[in-house]
Amino acid sequence: MFYKSTRNSNLKVDSAQAISQGISEDGGLFVPESIPSLTLDEVKQISELSYSERAAYVFSKFLTDFTDAEIRYCTDNAYNTKNFESENIAEIAHLFDGTYMLELWHGPTCAFKDMALQILPYFLTTSAKKLNIDKKIVILVATSGDTGKAALEGFKDVEGTQIMVFYPENGVSSMQKRQMTTQEGENVGVCAVKGNFDDCQSGVKTIFTDEKVKKALEENSLMFSSANSINWGRLVPQVVYYISAYASLAADGQISLGDKLNVVVPTGNFGNILAAYYAKRMGLPLGKLICASNINNVLTDFINTGVYDRNRKFYATCSPSMDILISSNLERLLYMLTGDNDAQIREWFGALAKDGKYEVTDDIKSKIKEDFYAGFCDDEATKAAIKSVYEKYSYVCDTHTAVAVKVYEDYRRETGDTTRTLIASTASPYKFSASVLEAIAPDFSAEDEYALVDKINELSGIMIPESLASLKNKPVRFSGSIDRNDMSDYVMEQLNIK
């Protein structure tokens, strides 16, 4: 299978090249030239396998230039009890009749990004060997909170790599910031940016396509790659957990093979819900894909109107990982829906870069609504959802998952659809302890982050992840903050390039 650029359909590379490069030189994203099929018999077959084996089966359909041994090397090293606190890797909690929480946060950084970023370093280093790349790979990451720590942890001290993470100075939770600024490893760097996530993301993309920077890297035997979901090696592991969850629910008798299963995803960059769309296109019997946003509701407006307009007020919310106004992975969806029309993609995303706005055709609007529903809620409704779930089911969810719960409630009320539904739970409540406690214990207050953590533990009984508990006494290594226009200079400085 080959991969094409969303902005140049004539460009074709294999998966090793797509993963090692991260983003096409024309600024487009790599997408598979076709979507492999998945039958119900195959779903039944993989239900008897471990998560690592399920992942290997799915990857074999997409990464056809990898040998079976190479794929198993990657999956076995990523998906194990050394990296994840659960043998199942992704747990499924039964919230109420016909509604399930897919807990994607049992990895080392307690967020769903671990599901992809524990395996990406293995994908990347294996790809480099296959392509005989003898350059050091420099990973640049823009993060709204979770990707940064997960990438740092995944690439920590990985031979032949160096990683730099940029995060919005005032746009992450205190626990997320502590996770990143105390990161261990000789090949890691972390820097705050005076701005929001979109500033970080735009800055990284600019560096990737800067001819002067690329020439400097070439002269120093270095090359860029990405750990953001613009990298296909980040996105394809997310396809796995939707397939795996469906297989598990069928094996447990919660659904019958062939039954529709709705999916609700809290998302800002559109990658997590796009992975569910890929699984559906493969043949997994998914019903409505429900896109849940916070008050930065650019995706909600787009899905409902077909107009993408980032020219709006940016809000810092209690669900910071979704505080995004430029949803990169939407480009992949639109490329597929236009029949791989790269000229149309260049037009729309050129308009987005120039004017901050574009509108898709009526045909595309109709296709989007066939598969997607979108809704949003503000911080008040988010905390109300946390409280409601806790009081009804003694289940504590984080602020992002709560957005999904609220939007799903709105969807059911609006449509009357009672199809069994899987909610993607994207982070541990301990990562957003202050906001969670405002919802379930508003009279409790403490300035110390770990007093908040202990209180959630007392109320919920959820074990405090060791990876978070151990941060308490770790020294802060990274305290720098720069202007968005200085990101390129920071990268050159870190690489010792003058």
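Computed from a prediction, not measured in an experiment: that's the story for all the values here.
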Evaluate the ring planes of F208 and F224, with Trp represented by its six-membered ring, and classify them as parallel (under 30°), tilted (30 to 60°) or perpendicular (over 60°).
tilted
K406 and E409 ion-paired at < 4.0 Å
no
Are E449 and R178 within salt-bridge range, i.e. N to O under 4.0 Å?
no
Aromatic contact, H400 with F112 (centres under 6.0 Å):
no
Any side-chain donor paired with an acceptor under 3.5 Å for S425 and E103?
no
Quick one: side chains of residues 227-241, donor-acceptor pairs under 3.5 Å with protein atoms, not counting sequence neighbours, listed by atom name and distance.
residue, atom, partner, partner atom, Å
N228, OD1, A142, N, 3.0
N228, ND2, A142, O, 2.6
S229, OG, N329, ND2, 2.7
N231, OD1, G233, N, 2.8
N231, ND2, I19, O, 3.0
N231, ND2, S226, O, 2.7
W232, NE1, Y3, OH, 3.2
R234, NH1, A227, O, 2.8
Q238, NE2, Y241, OH, 3.1
Y241, OH, N272, OD1, 2.6

Is it true that a side-chain atom of S327 and a backbone atom of L330 form a donor plus acceptor pair closer than 3.5 Å?
no
Side chain N77, main chain Y73, donor-acceptor under 3.5 Å
yes
Test item: S50 side-chain N/O and E53 main-chain N/O as donor-acceptor pair under 3.5 Å:
yes
Between N80 and E87, do the side chains contain an N or O donor and an N or O acceptor separated by less than 3.5 Å?
no
Looking only at the side chains, is there a donor atom on one of Q176 and K149 sitting less than 3.5 Å from an acceptor on the other?
no
side-chain contact (heavy atoms from CB on, under 4.5 Å) for M164 and V141? Distances and angles first, verdict last.
CA-CA 6 Å; M164 283 171 260; V141 179; over 6 Å; no
Establish, yes or no, whether a centroid distance under 6.0 Å links the rings of F372 and Y277.
yes
Would you tell me whether D323 and T317 have side-chain atoms, one donor and one acceptor, within less than 3.5 Å of each other?
yes
Please report the closest heavy-atom contact between I326 and D198, naming both atoms and the distance.
N-OD1, 3.1 Å
Examine distances only and state if a side-chain atom of N297 and a backbone atom of T300 form a donor-acceptor pair shorter than 3.5 Å.
no
Are side-chain N/O atoms of T161 and N187 paired as donor and acceptor at under 3.5 Å?
yes
Residue pair S86 / E91, side-chain donor-acceptor N/O under 3.5 Å:
yes
Is a donor from one side chain sitting under 3.5 angstrom from an acceptor on the other, for E42 and Y57?
yes
Ring centers of F84, H106 separated by less than 6.0 Å
no
In Å, rounded to the nearest 0.5 Å, how long is the span from CZ of F66 to CZ of F123?
6.5 Å
Can a donor-acceptor pair be found between the side chains of R412 and T419 at a distance below 3.5 Å?
no
On a heavy-atom basis, the closest approach of L49 and R54 is O-NE, 3.2 Å
Salt bridge (Lys or Arg N to Asp or Glu O under 4.0 Å) assessment of R413 paired with D410
CA-CA 5 Å; R413 185 167 51 251; D410 293 343; 2.4 Å; yes
Determine whether the side chains of D342 and Y335 contain a donor N or O and an acceptor N or O closer than 3.5 Å.
no
Do the charged groups of K156 and E153 touch, with an N to O distance under 4.0 Å?
yes
Do D114 and N83 get their side chains close enough for a donor-acceptor pair, meaning under 3.5 Å?
no
Mark yes or no for whether N457, through its side chain, and I462, through its backbone, hold a donor-acceptor pair below 3.5 Å.
yes
Would you find a donor on one side and an acceptor on the other, under 3.5 Å apart, between the side chain of K365 and the backbone of I303?
no
Any side-chain donor near an acceptor of the partner, T421 and Y100, under 3.5 Å
no
If you count heavy atoms of other groups shown closer than 6.0 angstrom to CG of D68, is the number above 12?
no
Matching residue for V263 among L286, L284, I290 - test: side chain to side chain contact (heavy atoms under 4.5 Å, CB included)
L286
Do you know which two heavy atoms are closest between S321 and D146, and how far apart they sit?
OG-OD2, 3.3 Å
Using a strict threshold of under 4.0 Å (side-chain N to carboxylate O), is an ion pair present between K383 and D379?
no
Is the distance from the ring center of Y395 to that of Y390 below 6.0 Å?
no
Looking at K130 and E70, is there a salt bridge between them, counting it only when a charged N and a carboxylate O are closer than 4.0 Å?
yes
Check: E85 and M463 side chains under 4.5 Å, non-hydrogen atoms
yes
Between S225 and Q21, is there a side-chain donor-acceptor contact under 3.5 Å, judged purely by atom types and distance?
no
T426: which of T401, V265, T399, L102 passes side chain to side chain contact (heavy atoms under 4.5 Å, CB included)
T401
Exam field: side chain S173 to backbone K431, donor-acceptor pair closer than 3.5 Å
yes
